[in-house]
Amino acid sequence: MPELPEVEVVRAGLAPAVTGARINAVDVLDERALTRHPLGAADFVGRLEGREVRAAARRGKFLWLPLAGGDEALVAHLGMSGQMLLRESDAVRERHERIRLHIEHPQHGRLAVAFADQRTFGSLAVDALLTTPDAAPGGFGADLLLVPSQVAHIARDALDPTFDERAFIAAVRRRSSAIKRILLDQTLISGIGNIYADEALWAARIHPETHGAALSVHAVRRLLGEVRHVLEKALAEGGTSFDAQYVNVNGQAGYFAHSLNAYGRGGEPCPRCGGELRREAFMNRSSHYCPRCQRRRGAR
DNA sequence: CTCAAGTCCTGTCAGC
DNA sequence: TGCTGACAGGACTTGA
């Protein structure tokens, strides 16, 4: 379930249930869910059992639960199809459940946190926390100036108040890559995936193949505004759900799929100009755009 | 056979 | 020569 709004819905759903809770036990049902934890299942379980969770934090599409002691966090990436589900402590296994945390919260009692993932691109890890180089909190929901080592190379996300807009604009204008590839580069700006890249480019009327260097400062700033706008709107509607692969911690779908203007609409009329939206192969996936109102400038 | 919300790795090439 | 970064393409996986 991937992009920033969907991961934020999960973080916000998890936070009240896990903050202050103790991890009593951990079931590793499929070791492939630990690809980000190279020390293996026994080490993973040993580092978690008996520890207390302090918060639920997020940067871009990475989620983490800082642990008492302040030096480590449980890191989660949902990949393409990962889910974090809050369940009764004795709930039956989810379809594709890979890991289960048995937690106990002072107010909510015993609960299960199930990590389920059909395609196994997602994974969990216990990771060291490092001091942030920019002296700002590690991410949304993090009050401390700490970030997991696996997240340190990820840029601050588009909705982070400490996101460096001037540096981003300068970096875009130095690149010769297609602007869509730049938006998907998590080391420059994080949280954007294929859906919201297409939506933001459509809103800003920029062709996805336009080179970064061909964009004016004004155009990049406008694009950034559209990125923030679409992420916030999607978040307000609970994220984008096409099928059961994206759900919140209670298993419910989001509503933003009804509001998409370009993504998934190849062959349909553009909601703005009536031209026919196109779907085109791009970076092993697809781009959706309107060839009429997203004109190619500085193309490749 | 094609397609899908992501990340990471590898090889190439340029520049210091 | 070796290091670093930019860049493009592909690997990984399951199921519809």
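Lettering of chains follows the sequences in order, A, B, ..., and the numbering in each one begins at 1.
Heavy atoms from other residues, nucleotides or ligands lying under 6.0 Å from NE2 of A:H102 number more than 12.
Taking only distance into account, the side chain of A:R175 never meets the base of C:dA6 through a donor-acceptor pair shorter than 3.5 Å. A donor-acceptor contact under 3.5 angstrom links the side-chain atoms of A:R119 to the base of B:dA4.
Distance A:Q83 CD to C:dT14 P: 16 Å, rounded to the nearest Å. Counting to the nearest Å, the P atom of B:dG6 and the CZ atom of A:R36 are 13 Å from each other. The nearest whole Å value for the distance from the CD atom in A:E31 to the P atom in C:dC12 is 20 Å. Remark: P of B:dC3 and CD1 of A:I195 are 17 Å apart, rounded to the nearest angstrom. At whole-Å resolution of the value, CE in A:M283 and C1' in B:dC9 are 14 Å apart. A straight line from CG of A:D117 to P of C:dT14 spans 10 Å, rounded to a whole angstrom. The interatomic distance linking A:D30 (CG) with C:dT14 (P) rounds to 8 Å, in whole Å. Taking atom NZ on A:K180 and atom C1' on C:dA8, their separation rounds to 15 Å, with Å as the unit.
For B:dG6, the OP1/OP2 oxygens have a side-chain nitrogen or oxygen of A:R285 closer than 4.0 Å. For A:H96 and C:dT14, the shortest distance from a side-chain N or O to OP1 or OP2 is not below 4.0 Å. The side chain of A:H153 places an N or O atom within less than 4.0 Å of a non-bridging phosphate oxygen (OP1 or OP2) of B:dC8. The phosphate of B:dA4 (OP1 or OP2) has a side-chain N or O of A:S286 nearer than 4.0 angstrom. OP1 or OP2 of B:dT7 has at least one side-chain nitrogen or oxygen of A:Q186 nearer than 4.0 Å.
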Quiz item: When you look at A:E72 and A:R51, which way does the salt bridge (charged side-chain N to carboxylate O under 4.0 Å, His left out) test go after all the steps?
Solution: CA-CA 10 Å; A:E72 288 182 326; A:R51 307 274 304 264; 2.9 Å; yes
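When distances are taken from the side chain of A:R32 to each of B:dA4, C:dG15, C:dT13, the shortest belongs to C:dT13. Among C:dA16, C:dC7, B:dG6, the nucleotide with an atom closest to any side-chain atom of A:S176 is C:dC7. Which of B:dT7, B:dG6, C:dG15 sits closest to the side chain of A:Q118 comes down to C:dG15. Here the side chain of A:R181 is nearest to one of C:dT14, B:dT7, C:dA8, namely C:dA8. Across C:dA16, C:dT14, B:dC3, the shortest atom-to-atom separation from the side chain of A:R95 is found for C:dA16. Comparing C:dC12, C:dC7, B:dC8 by their closest approach to the side chain of A:S177 singles out C:dC7.
Between A:F121 and C:dC12, a base-stacking contact is recorded: ring centres under 5.5 Å apart, planes less than 30° from parallel.
A:F115 and A:V28 end up in the same hydrophobic cluster when Ile, Leu, Val, Met, Phe, Trp and Tyr side chains are linked at under 4.5 Å.
Cation-pi check for A:R59 over A:F62 is not met; the charged atom does not lie both under 6.0 angstrom from the ring centroid and within 45 degrees of its normal. Under a cutoff of 6.0 Å and an axis angle of 45°, A:R58 and A:W64 do not form a cation-pi pair.
Among the protein residues, A:D243 comes within range of the nucleic acid bases, having at least one heavy atom under 4.0 Å from a base atom. A:N284 comes within 4.0 angstrom of a base, heavy atoms only.
A:Q83 and A:Y246 share no donor-acceptor pair across their side chains, judged by distance under 3.5 Å alone.
Across all strands shown, C:dT13 remains unpaired; no Watson-Crick or G-U wobble contact has both distances below 3.5 Å.
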